[in-house]
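Just so it is clear: chains get the letters A, B, ... in the order the sequence lines come, proteins before strands, and each one is counted from 1.
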Amino acid sequence: MRGESRKAMDDGPVDVQSYVRAILNILDDSAGEKTRLGDTQRAILNILEDSAGEKTRLEATQRAVLNILDDSAEEKTRLGDTQRAILNILEDSAGEKTRLEATQRAVLNILDDSAEEKARLDDTQRAVLNILDDFDIEKKKVEQVNVELRNANAVAQTANRELEAFSYSVSHDLRAPLRHITGYVELLQKHAVTLDEKGMRFLNVISNAAKTMGLLIDDLLSFSRMGRVEMMQKKVNLNEIVSDIVRSFENETKQRNIQWNIEQLPIISCDRNLLRVVFVNLISNAVKYTRNQPSPVIEIGSGKNQTHEIEVFVKDNGAGFNPKYTNKLFGVFQRLHTDAEFEGTGIGLATVRRIIQRHNGRTWAEGEVGKGATFYFSLPAS
Amino acid sequence: MSNSIPRILLVEDNPNDVELTMAAFEANNLANEVFVVHDGELALDYLYRRGDYRLRTEGNPALILLDIKMPKVDGIEVLRIIKSDSALKSIPVVMLTSSREEQDLLETYSHGVNGYVVKPVDFQEFFDSVKQLGLFWAVINEAPPGSIGRE
């Protein structure tokens with residue numbers, strides 16, 4: 001359009017109307033232009049407004065940044081303080097370190113000392129361990145001995161039970177036939193009108209043998225019972241026991257002319273039956289072992305020793321014994337003579353020892369072959 | 001002598017002991033008073049009137065002499081049964097035995113035995129023991145009611 005209106009003006013004479021119209025057109029156009037310019041201007045203004053807002057935001061941001069910077073400056077100040085504090089602490093800790101090093105050296109010295117001490121302790125410990133080892137060995141030995149003792153004890157208990165069963169059986173069964181022998185001999189003697197004196201003597205021998213065996217069985221049983229039977233301690237006059245026993249030997253010894261020297265014996269506290277067994281054994285031994293002595297002498301006496309025990313002895317001038325076997329005399333079933341020389345079971349002196357031991361006394365003997373024997377026992381003075 | 005009913009029951013398995021015991025009773029005119037059985041089972045049969053003895057006259061013996069060691073039922077068992085039976089327990093029972101073992105003494109007394117006599121090996125002593133037993137229990141002692149009476 002703009003081009004058309006310029007052409008109209010350049011081309012010569014134009015009527016005013018056209019001119020005006022052209023001008024109006026131009027004006028119209030410039031009005032449009034102006035409107036466009038207004039639009040642009042508005043746009044620019046808008047932009048300008050926008051950039052003003054932007055600026056404001058930037059400024060706010062800047063302020064914020066400045067604030068932050070301010071804050072960080074403060075922070076920096078504080079950090080400086082902290083750093084100084086840390087430095088102070090570091091300085092302090094350096095002092096501390098020095099002190100620690102000193103302490104450490106002191107500790108090391110102490111540790112050195114204690115190492116020496118430890119070495120000494122180790123030595124001591126080794127010594128103690130050695131001692132403990134020795135103890136251990138010793139302890140093992142003791143344990144071993146204990147085991148052996150327990151085994152021995154079990155064996156002994158078994159043996160003891162067997163012995164009890166044995167003596168029970170003896171008590172029940174062995175006496176009966178003996179009683180029958182003595183019984184029937186007695187009945188026979190009453191019926192035997194045709195027997196001469198010799199025949200009657202034989203019957204007596206049978207009867208006596210049976211009785212003696214009965215006594216032996218009783219002795220054996222009493223020996224086995226020694227360990228179990230309760231003792232009845234009473235005041236006992238030993239002279240009564242002895243004279244009783246001597247009298248019971250009269251029949252057996254009346255042709256032998258034994259000289260009995262019996263002293264006054266004390267009254268002591270003991271088990272009468274058991275002490276009787278003691279004297280029966282000692283006196284029967286004296287009677288037996290003087291059998292080949294033409295003038296037998298048997299002495300029974302007593303005294304007190306230094307420890308105020310009562311010592312009793314039974315002395316004979318019979319066969320005697322070899323002193324080197326003294327320790328065998330009191331053993332169970334130990335004999336120093338053959339049965340052909342002197343009969344016996346070897347239980348008598350063992351019984352004596354057992355009884356005296358139960359009374360807390362002792363037994364011993366002196367003798368010489370061919371010169372007799374003396375048997376002693378002691379009892380605590382009551 | 002009348003035909004009196006035996007008042008003593010002798011329980012003894014060994015014939016020799018029976019003969020010797022009876023010899024002692026005979027010497028004291030007590031043989032008629034004795035009835036012999038040879039083991040514990042027969043003793044109980046006699047007391048309870050059963051078996052061979054179911055027809056015997058009623059009444060308890062005035063004394064039982066009891067051996068310990070016997071076949072079948074032994075003396076201690078017989079004693080135990082007698083002493084735990086109200087009809088029999090008043091009968092005097094005396095053990096007459098070879099044993100003087102403490103365990104036998106303890107056991108029989110714990111069952112309530114009235115006496116315990118060990119048979120001596122010496123016959124004279126044995127003789128005297130039997131004589132005294134017979135005289136005391138069958139003649140001197142008043143037997144408990146229900147016993148066989150003396151003629």
In sequence, state the C-alpha distance, the side-chain angles, and the governing distance for B:Gln124 and A:Thr182, and then conclude on side chain to side chain contact (heavy atoms under 4.5 Å, CB included).
-> CA-CA 9 Å; B:Gln124 198 54 51; A:Thr182 61; over 6 Å; no
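- Taking a 6.0 Å sphere around NZ of B:Lys83, one finds it holds more than 12 heavy atoms contributed by other residues, nucleotides or ligands.
- The number of heavy atoms from other shown groups lying within 6.0 Å of NZ (B:Lys69) is above 12.
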Which is it for B:Leu20 and A:Glu186 under the side chain to side chain contact (heavy atoms under 4.5 Å, CB included) test, yes or no, and what are the steps along the way?
-> CA-CA 10 Å; B:Leu20 293 171; A:Glu186 195 102 2; over 6 Å; no
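- Sorted by first and then second residue, the salt bridge (Lys or Arg N to Asp or Glu O under 4.0 Å) pairs with a member in residues 9-20 of chain B read A:Arg179-B:Asp17, B:Glu12-B:Lys119, B:Asp17-B:Lys119; sequence neighbours excluded.
- In A:Lys234, the NZ atom is not crowded: 12 or fewer heavy atoms of neighbouring residues, nucleotides or ligands sit closer than 6.0 Å.
- Taking the side chain as every heavy atom from C-beta outward, A:Ile181 and B:Phe123 never approach each other to under 4.5 Å.
- When all heavy atoms of A:Leu187 and B:Ala23 are compared, the closest pair comes out as CD2-CB, 4.1 Å.
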